[in-house]
Amino acid sequence: MTKQLITLTSPGSAAAEAYRQLYINLAFSNGGQGSHKFLITSSTASEDKSLVLANLAVVAAQMGQKVVVMDADLRQPQQHQLFGLSNDLGVSGVVEGKADTADVLKTVPDVADLRVLTSGPQLATPSQVLASRRMEDLIAELSTLADLVLIDVPPVLVVSDASVLASKVDGVLLVVKAGQTKRDQARRAKEHLEKVGANIIGVVLDNVTADAALQGYDQ
């Protein structure tokens, strides 16, 4: 298991508590009614959206939810690395009809009720695969297996993949990185998602120091 998952290595830390608060906010994003499929993305490739998703998945499972993570970043997948899992016959295997979903969902050691559908082998046309009816069916199937489905997709300003899937979920979380994400990048990412009818339920500010967070609280 990677040391990057602060929710596992330091569950009592301020960072882990921030992820728990993020989960609570997410759970009540629609009054707690009917929302359980969420896309997590970013504007560019350097904003740690995959790490945010993995930590969020861990705390949700720790708080009693049945969670499925789907790595739909078919270009630069990270969930298998973050959770220390193999990456054979994941999403790509299911959509190509080479495997059944139940057979390729992987459990995470030491985290009950958390399963991961890794990306699987790389495909030649990721955007077409994500736009397919089989992908829509896969998301619907996963939603029957869990209380919470978290889907990792590529950055909005890099490729069209996030825009393709945005309308197939209940909401989208946009990750921005303090001191790195430019205001214009975040604005353009938001506009891209809005154009395809995405329900942007919030923005996650990553890489904030404890001192900065306390200063914001005092204000």
Side-chain angles (χ1 to χ4, degrees), residues 1-9 11 16 19-20 22-24 26-27 29 32 34-41 48-123 126 129-130 132 134-154 161-162 165 168-173 175 204:
M1 187 70 65
T2 176
K3 294 181 179 180
Q4 289 180 301
L5 294 182
I6 192 72
T7 49
L8 288 177
T9 59
Y19 279 110
R20 284 188 282 272
L22 174 60
Y23 164 67
I24 292 170
L26 185 67
S29 61
S35 294
H36 66 291
K37 303 188 299 294
F38 297 99
L39 212 66
I40 297 184
T41 187
D48 295 333
K49 47 91 180 173
S50 298
L51 183 60
V52 169
L53 186 153
N55 277 297
L56 177 60
V58 169
V59 297
Q62 290 172 337
M63 295 177 75
Q65 297 294 291
K66 292 181 178 179
V67 183
V68 168
V69 168
M70 181 172 81
D71 197 344
D73 189 336
L74 304 182
R75 302 168 190 271
Q76 294 185 345
Q78 294 186 41
Q79 294 303 324
H80 66 287
Q81 297 174 343
L82 290 168
F83 286 110
L85 303 170
S86 62
N87 193 28
D88 55 327
L89 292 177
V91 171
S92 59
V94 174
V95 297
E96 289 187 322
K98 297 178 180 179
D100 293 329
T101 307
D103 295 332
V104 294
L105 276 172
K106 298 175 173 66
T107 58
V108 176
D110 302 322
V111 187
D113 293 325
L114 173 57
R115 291 180 289 175
V116 179
L117 182 59
T118 64
S119 66
Q122 191 168 6
L123 298 172
V129 170
L130 295 179
S132 68
R134 184 65 190 96
M135 178 59 67
E136 188 171 348
D137 291 342
L138 175 56
I139 293 174
E141 181 183 3
L142 293 178
S143 72
T144 69
L145 302 176
D147 303 312
L148 180 65
V149 178
L150 298 174
I151 304 173
D152 192 351
V153 291
D161 299 13
L165 286 183
K168 296 177 172 56
V169 296
D170 299 313
V172 178
L173 278 175
V175 177
V204 179

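These numbers come from a predicted model, not from an experiment.
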Could you tell me the separation between the CG atom of Leu56 and the CG atom of Leu173, rounded to the nearest 0.5 Å?
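Output value for this atom pair is 7.0 Å.
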When rounded to the nearest 0.5 angstrom, what distance separates CG in Asp73 from CG in Leu130?
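Result: 9.0 Å between the selected atoms.
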Using side-chain heavy atoms (C-beta onward) and a distance below 4.5 Å, is [X] in contact with [Y]?
X	Y	result
Ile151	Phe38	no
Pro126	Asp161	yes
Val91	Met135	yes
Leu53	Gln79	yes
Leu22	Val204	yes
Asp100	Val94	no
Phe83	Val58	yes
Ile139	Leu165	yes

Residues 60-68 side chain polar contacts: donor-acceptor under 3.5 Å, at least two apart:
none

If only side-chain N and O atoms count, and only distance matters, is there a donor-acceptor pair under 3.5 Å linking Thr118 with Asp71?
no
Would you check, one step at a time, whether the test side-chain contact (heavy atoms from CB on, under 4.5 Å) holds for Leu114 with Thr107?
CA-CA 6 Å; Leu114 173 57; Thr107 58; over 6 Å; no
Within the side chain of Asn55, is there an N or O that forms a donor-acceptor pair under 3.5 Å with the backbone of Ile6?
yes
For [X] versus [Y], what's the shortest heavy-atom pair and its separation?
X	Y	answer
Pro154	Ala162	O-CB, 3.7 Å
Ala140	Ser143	O-OG, 2.6 Å
Ala99	Val104	CB-CG1, 3.7 Å
Arg75	Gln122	O-NE2, 4.2 Å
Ser92	Pro121	OG-O, 2.9 Å
Val59	Tyr19	CG2-O, 3.6 Å

Sequence neighbours left out, what pairs pass salt bridge (charged side-chain N to carboxylate O under 4.0 Å, His left out) with at least one residue falling in residues 79-97?
Asp88-Lys106, Glu96-Lys98
Verify side chain to side chain donor-acceptor pair (under 3.5 Å) between Ser119 and Asn87, making sure each step is shown before the conclusion.
CA-CA 7 Å; Ser119 66; Asn87 193 28; 3.2 Å; yes
Could you walk me through whether Met70 and Leu150 pass the side-chain contact (heavy atoms from CB on, under 4.5 Å) check?
CA-CA 6 Å; Met70 181 172 81; Leu150 298 174; over 6 Å; no
Mind checking side chain to side chain donor-acceptor pair (under 3.5 Å) for [X] and listing every partner two or more places apart, or none if nothing turns up?
X	result
Arg115	none
Asp48	Lys177
Ser50	Asp152

Candidate pair Val175 and Thr41, rule side-chain contact (heavy atoms from CB on, under 4.5 Å), full reasoning:
CA-CA 6 Å; Val175 177; Thr41 187; over 6 Å; no
Salt bridge (charged side-chain N to carboxylate O under 4.0 Å, His left out) against Asp137, all qualifying residues, sequence neighbours excluded:
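With sequence neighbours excluded, Asp137 shows a salt bridge (charged side-chain N to carboxylate O under 4.0 Å, His left out) to Arg133, given in chain and number order.
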After noting the C-alpha distance and the side-chain angles of Leu117 and Val69, does the key distance pass the side-chain contact (heavy atoms from CB on, under 4.5 Å) rule?
CA-CA 6 Å; Leu117 182 59; Val69 168; over 6 Å; no
